[in-house]
Participant: 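Can you read through this structure? Questions will come right after.
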Amino acid sequence: MTRYDPAAIEPKWQDVWRERRTFEVEVDHSRPKYYVLDMFPYPSGRIHMGHVRNYTMGDVIARYKRARGFNVLHPMGWDAFGMPAENAAMQNNTHPATWTYANIDAMRAQLKKLGISYDWSRELATCDPEYYAQQQALFLDFLEAGFVSRKSSMVNWDPVDMTVLANEQVIDGKGWRSGAPVERRELTQWFFRISDMADELLEAIEGLSKWPDKVRLMQANWIGRSQGLQFRWALETSGIVDWPELEVFTTRPDTIFGASFCGISPDHPLTKALEGKVEGLAEFCADCRRSGTSEEEIETAEKRGFDTGLRAVHPFDPGWTVPVYVANFILMDYGTGAIFGVPAHDQRDLDFARKYGLDVLPVVCPGDLDASDFKIGDEAFVDTGRLVNSRFLDGMTVDEAKAEVIRRAEQAKQGEGITRYRLRDWGVSRQRYWGAPIPVVHCPACGVVPVPKEDLPVRLPEDVDLSIPGNPLERHPTWADVPCPKCGAAARRETDTMDTFVDSSWYFARFTAPKADTPTDAEAAEYWMNVDQYIGGVEHAILHLLYSRFFARAMHRTGHLPERSGEPFDALFTQGMVCHETYRASDGRWLSPEEVTIADGAATETSSGNRIEIGPSIKMSKSKRNTVDPDAIIGQYGADTARFFMLSDSPPERDVEWTAAGVEGASRFLNRLWRMMEELPDRSAMPDSFGAEATALRRATHKTIAGVTLDIEGFTFNKAVARLYELANAIARAASNAGAAQPDIAFARREGLETIVRLMSPMAPHLTEEMWERMGGADLLVDQPWPEADSSLTTDDVIVLPVQVNGKKRGELEVAKDAAKEDIEALALGNPDVARFLEGRPPRKVIIVPGRIVNVVI
RNA sequence: GCCCGGUUGGCGGAACUGGUAGACGCAGCGGACUCAAAAUCCGCCGGCCUUGCGGUCAUGUCGGUUCGAGUCCGACACCGGGCACCA
């Protein structure tokens with residue numbers, strides 16, 4: 001008897017695969033390609049079980065497709081720029097690069113222990129000048145092609161630290177370090193003009209048939225196309241400012257006669273013009289700007305307004321004017337930053353009107369109600385109905401009224417019906433050190449001048465001081481001082497770096513030729529693109545995926561990618577998070593699961609014996625210390641157990657709770673397979689005939705092949721695992737029977753176990769490779785083709801049909817697979833379990849769904 | 001606040017297109033093996049009523065459609081993800 005010893009066999013096979021370069025791939029036109037991409041990680045320090053889950057799923061697909069004969073590209077790299085490196089540098093007095101590369105080394109070693117089938121020769125890190133040089137080249141091409149613009153936008157400003165803050169660094173409206181209330185401040189920044197592509201990005205969602213519906217829906221809503229009317233209202237300004245009209249956008253032009261106020265954003269140009277001239281307005285606006293820039297913060301803030309004293313003239317009645325308010329809930333980024341409020345038919349407008357005592361006039365009435373009976377209480381009426389109180393619109397439907405108002409506004413040259421998008425341009429400027437420098441120079445004479453491509457990369461300086469807040473590039477004594485590339489005069493480098501989303505928006509393309517001296521290589525991109533299967537967390541459903549879709553288009557138009565569908569990722573799978581409960585000591589310290597002992601539902605700190613609080617199970621994160629490091633699991637059980645457990649039990653798209661008990665179960669199963677191998681009779685020739693028991697086992701085996709294959713294709717790995725357990729149980733039952741030594745049963749048992757080994761190869765590659773070798777399999781298992789199910793063994797001749805009486809199951813029938821309906825009905829009515837309820841009367845109705853069910857209605 | 005998900009035994013979950021609710025695993029209970037323990041193997045395992053056969057309730061809550069609803073429709077509750085500078 002031998003022992004299953006993962007500590008010995010896992011490194012053994014990893015070495016074999018590495019020496020043979022099993023997973024290193026090249027362009028090979030003789031074979032179909034398949035590109036599997038796992039979202040690359042941010043090198044935060046250590047791998048956690050969430051990564052293990054993501055990368056195990058990717059590996060199952062990669063190894064499966066390889067067995068199916070594809071030339072599989074499965075690369076891995078590092079999303080290595082970002083804020084945490086700067087924070088760590090500040091805290092530990094190291095350099096962001098030192099910290100980042102140390103983390104990459106640690107995490108690479110962990111990933112290698114897992115035996116994922118990556119082509120490590122293609123590894124890349126986005127902070128490597130080799131990578132960001134090509135990104136800067138892309139930026140210059142985008143700039144030339146008109147995909148880049150420069151404009152002003154709002155940032156979070158910490159007035160004490162005098163620095164821009166990320167939304168994450170704003171806690172309850174205050175700067176995370178200084179504690180000072182954050183303000184919105186306007187800054188001129190670089191943008192990618194993604195909104196120009198809004199329409200095609202929206203239209204193309206339709207074609208993403210292998211993406212989850214929820215992601216497609218979220219993207220469509222994010223882009224947010226709406227039809228509306230943009231039109232001009234004349235202003236009565238009483239001479240305060242010279243501002244003759246206000247441009248307003250609405251998606252509900254039909255409600256025009258229900259308007260009771262106009263609202264403008266605190267950041268609207270008119271507001272700025274009025275600030276010094278209307279008593280109290282400057283204070284009100286300053287108050288509104290004392291808030292972060294996030295939409296969540298703005299939308300959940302208390303709705304407040306300020307009456308400017310101006311009045312806007314109703315476009316269809318010169319004698320009708322409404323007050324103009326500055327309101328804190330109106331976003332300057334959407335529409336024109338100005339609206340007209342219709343309290344009866346918009347909840348936010350209604351709340352606002354009640355607060356400031358404005359009219360509430362219903363102009364759309366539910367179809368089944370008389371207009372005079374229709375009153376608005378606390379809830380706005382947002383459904384469709386019939387127009388009332390609306391002069392020439394009375395009696396129209398909402399759609400008719402919308403069309404009519406747009407028609408009249410256009411005829412009077414007061415406005416036009418237009419399409420608007422919620423999607424805003426992508427601001428890529430960051431006032432930070434650890435990112436790719438934006439390769440332009442600001443010249444006092446020539447303006448913005450691109451850095452010539454031959455001067456790339458624009459490298460980050462290494463001698464920087466990160467101990468004080470603010471952008472170290474701006475402070476650096478010499479780095480920014482350069483001659484203008486055009487005129488040679490003294491000029492200054494752009495000190496903004498790029499959003500890290502830029503880095504991750506094209507890495508999939510770079511992987512196809514990671515060492516090319518241009519961003520991509522035409523032949524490699526032509527062969528490898530698109531990504532056939534992309535796998536990662538659902539938290540990236542909108543931003544990262546949308547930006548990548550934009551990049552794929554922009555890269556095609558600048559000659560860096562073949563056209564294909566215009567989309568980078570043909571199929572997408574979004575997996576759920578790995579969660580763990582949290583532990584907190586009475587002094588507020590977070591404790592890691594390793595420091596805690598749980599007994600009878602109570603937790604104590606192992607070192608002190610003190611009672612501690614068990615918190616809710618949430619996504620594993622470094623800050624709450626509820627992570628489980630795979631090294632401990634791998635050390636105790638082996639990588640295959642960790643992998644197999646991550647695939648068991650939970651549907652991949654759902655969040656999972658990490659439990660040690662589950663790992664035990666997975667480990668037990670792998671050990672059990674090993675023992676089954678030890679007890680297996682010697683290999684023998686296929687017998688001439690099979691008895692009933694051997695045939696039943698062979699049927700189970702071939703049904704498992706068919707089922708597991710479908711489960712892998714459909715990303716239902718948990719079901720595949722359950723099927724493998726069932727087949728193992730069937731083999732064990734056959735083995736324990738008296739006739740187990742009979743040649744037909746012995747053959748079926750061996751066939752069954754060999755099948756398990758082959759089907760499990762993508763999930764537990766080391767154990768199965770070792771078993772394959774010991775069972776006398778040819779060559780390496782990793783090079784074997786995927787097993788095929790024998791279709792004569794996957795269908796049954798006799799099936800069990802449940803019989804219901806009035807929809808409740810009362811019995812079962814055994815019938816031939818293709819039995820006629822009349823025969824089934826006769827059998828059903830004759831069944832004693834049914835006759836019991838019939839009591840001799842004929843049934844009212846018998847419903848027979850072939851192959852599924854019989855329902856007798858009495 | 002807005003957009004998107006989820007909710008099934010003690011636990012993770014299964015149930016193909018509306019057709020046997022609880023596959024498979026974990027935990028638990030009982031037994032075998034053992035001096036003993038571990039490991040392993042066998043059996044039981046949603047609630048209630050019933051000695052049993054069986055009956056009945058049950059898929060977050062309330063209502064609806066249907067011969068039949070975990071699955072479809074309408075309301076609601078709770079939990080989670082995203083909201084453009086976390087990645």
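Proteins get letters first, then strands, A, B, ... in listed order; numbering begins at 1 in each.
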Participant: Can you identify which nucleotide, out of B:A87, B:C85, B:A84, has its nearest atom closest to the A:M83 side chain?
Facilitator: B:A87
Participant: Contact class for A:Q169 vs. all strands (heavy atom < 4.0 Å): base, sugar-phosphate, or nothing?
Facilitator: nothing
Participant: Check every strand shown and say whether A:S429 touches a base, only sugar-phosphate, or nothing at a heavy-atom separation below 4.0 Å.
Facilitator: base
Participant: Please report whether the ring centroid of A:F192 lies less than 6.0 Å from that of A:F551.
Facilitator: yes
Participant: Check ring pair (Phe, Tyr, Trp, His ring centres under 6.0 Å) between A:F573 and all other residues, then give those that pass, not counting sequence neighbours.
Facilitator: A:F715
Participant: Under 3.5 Å between N/O atoms: give me all the protein pairs with nucleotides 45-55 of chain B, atom names plus distance.
Facilitator:
{"unit_1": "B:G55", "atom_1": "OP1", "unit_2": "A:R810", "atom_2": "NH1", "d": "2.9"}
{"unit_1": "B:G55", "atom_1": "OP1", "unit_2": "A:R836", "atom_2": "NH2", "d": "3.3"}

Participant: Taking atom P in both B:C76 and B:C4, what distance in whole Å separates the two?
Facilitator: 15 Å
Participant: If only side-chain N and O atoms of A:K214 are considered, is one of them under 4.0 Å from the OP1 or OP2 phosphate oxygen of B:C3?
Facilitator: no
Participant: Work out how far the C1' atom of B:C72 is from that of B:G22, and round it to whole angstrom.
Facilitator: 22 Å
Participant: Using a heavy-atom cut-off of under 4.0 Å over every strand shown, decide if A:E726 touches base, sugar-phosphate, or nothing.
Facilitator: sugar-phosphate
Participant: Can you give one letter per nucleotide of nucleotides 73-78 of chain B, 5' to 3': B if a protein heavy atom sits under 4.0 Å from the base, S if only from the sugar-phosphate, - if neither?
Facilitator: ------
Participant: Using atom P in both nucleotides, what's the gap between B:G55 and B:A21 to the nearest angstrom?
Facilitator: 12 Å
Participant: With respect to A:Y507, which candidate in A:W78, A:F40, A:F501 satisfies the ring pair (Phe, Tyr, Trp, His ring centres under 6.0 Å) definition?
Facilitator: A:F40
Participant: Residues of residues 664-674 of chain A with any non-hydrogen atom less than 4.0 angstrom from an atom of RNA chain B: list those, numerically ordered, please.
Facilitator: A:G665, A:R668, A:R672
Participant: For B:A84, does OP1 or OP2 lie under 4.0 Å from any side-chain N or O of A:N167?
Facilitator: yes
Participant: Would you state whether a donor and an acceptor, one from the side chain of A:Q804 and one from the base of B:G19, lie under 3.5 Å apart?
Facilitator: yes
Participant: Whether A:N729 contacts B:G25 is assessed here as follows: a side-chain N or O lying under 4.0 Å from the phosphate OP1 or OP2. Is that the case?
Facilitator: yes
Participant: Classify A:F329 by what it touches in the nucleic acid, base, sugar-phosphate, or nothing, heavy-atom distance under 4.0 Å.
Facilitator: nothing
Participant: Tell me if the side-chain of A:Q189 makes a donor-acceptor pair with the base of B:C85, cut-off 3.5 Å, by modelled atom types.
Facilitator: yes
Participant: Could you go through nucleotides 10-13 of chain B and list every protein N or O atom that sits under 3.5 Å from one of its N or O atoms, giving the distance for each pair?
Facilitator:
{"unit_1": "B:G12", "atom_1": "O2'", "unit_2": "A:S650", "atom_2": "OG", "d": "2.9"}
{"unit_1": "B:G12", "atom_1": "N2", "unit_2": "A:D649", "atom_2": "OD1", "d": "3.0"}
{"unit_1": "B:G13", "atom_1": "O2'", "unit_2": "A:D649", "atom_2": "O", "d": "3.4"}

Participant: At under 4.0 Å between heavy atoms, what does A:G427 touch on the DNA or RNA strands: base, sugar-phosphate, or nothing?
Facilitator: sugar-phosphate
Participant: Rounded to whole angstrom, note down the P distance from B:C48 over to B:A38.
Facilitator: 30 Å
Participant: Does a side chain donor of either A:D503 or A:Q135 reach within less than 3.5 Å of an acceptor in the other side chain?
Facilitator: yes
Participant: In terms of ring plane angle, is the pair A:Y55 and A:H51 parallel, tilted or perpendicular, where the classes change at 30° and 60°?
Facilitator: parallel
Participant: Sorted by first residue and then second, give each salt bridge (Lys or Arg N to Asp or Glu O under 4.0 Å) pair with at least one member in residues 185-195 of chain A; sequence neighbours left out.
Facilitator: A:E186-A:K272, A:R193-A:D196
Participant: Quick one, A:F717 and A:D711 - any side-chain contact, counting heavy atoms below 4.5 Å?
Facilitator: no
Participant: Do A:F837 and A:R810 come close enough that some side-chain heavy atom pair is under 4.5 Å?
Facilitator: yes
Participant: I want to check a possible cation-pi pair here: A:R422 against A:W222, using under 6.0 Å from ring centre and within 45° of the ring axis as the test.
Facilitator: yes
Participant: Are the charged groups of A:D425 and A:K151 less than 4.0 angstrom apart, N to O?
Facilitator: yes
Participant: How far does the P atom of B:A23 sit from the matching atom of B:A14, given to the nearest Å?
Facilitator: 13 Å
Participant: Any non-hydrogen side-chain atom of A:Q431 less than 4.5 Å from a side-chain atom of A:L187?
Facilitator: yes
Participant: What interatomic distance, in whole Å, is found between P of B:A69 and the corresponding atom of B:C57?
Facilitator: 12 Å
Participant: Test for a donor-acceptor pair under 3.5 Å between the base of B:C85 and the side chain of A:R432, counting only N and O atoms.
Facilitator: yes
Participant: Quote, to the nearest angstrom, the P distance that separates B:G46 from B:U65.
Facilitator: 33 Å
Participant: Less than 4.5 Å apart, side chain to side chain, heavy atoms only: is that true for A:D38 and A:M76?
Facilitator: yes
Participant: Among B:G5, B:C85, B:C67, which nucleotide has an atom closest to any side-chain atom of A:D499?
Facilitator: B:C85
Participant: Quote, to the nearest angstrom, the C1' distance that separates B:G25 from B:C45.
Facilitator: 14 Å
Participant: Classify the nucleic acid contact of A:N855 as base, sugar-phosphate or nothing, counting any heavy atom under 4.0 Å across all strands shown.
Facilitator: base
Participant: Answer with base, sugar-phosphate or nothing: what part of the nucleic acid does A:M39 contact at a heavy-atom distance below 4.0 Å?
Facilitator: nothing
Participant: Report the relative orientation of the aromatic rings in A:F550 and A:W426; use parallel for angles under 30°, tilted for 30 to 60°, perpendicular for over 60°.
Facilitator: perpendicular
Participant: Determine if the base of B:G9 is syn or anti; take syn to mean the glycosidic torsion is within 90° of 0.
Facilitator: syn
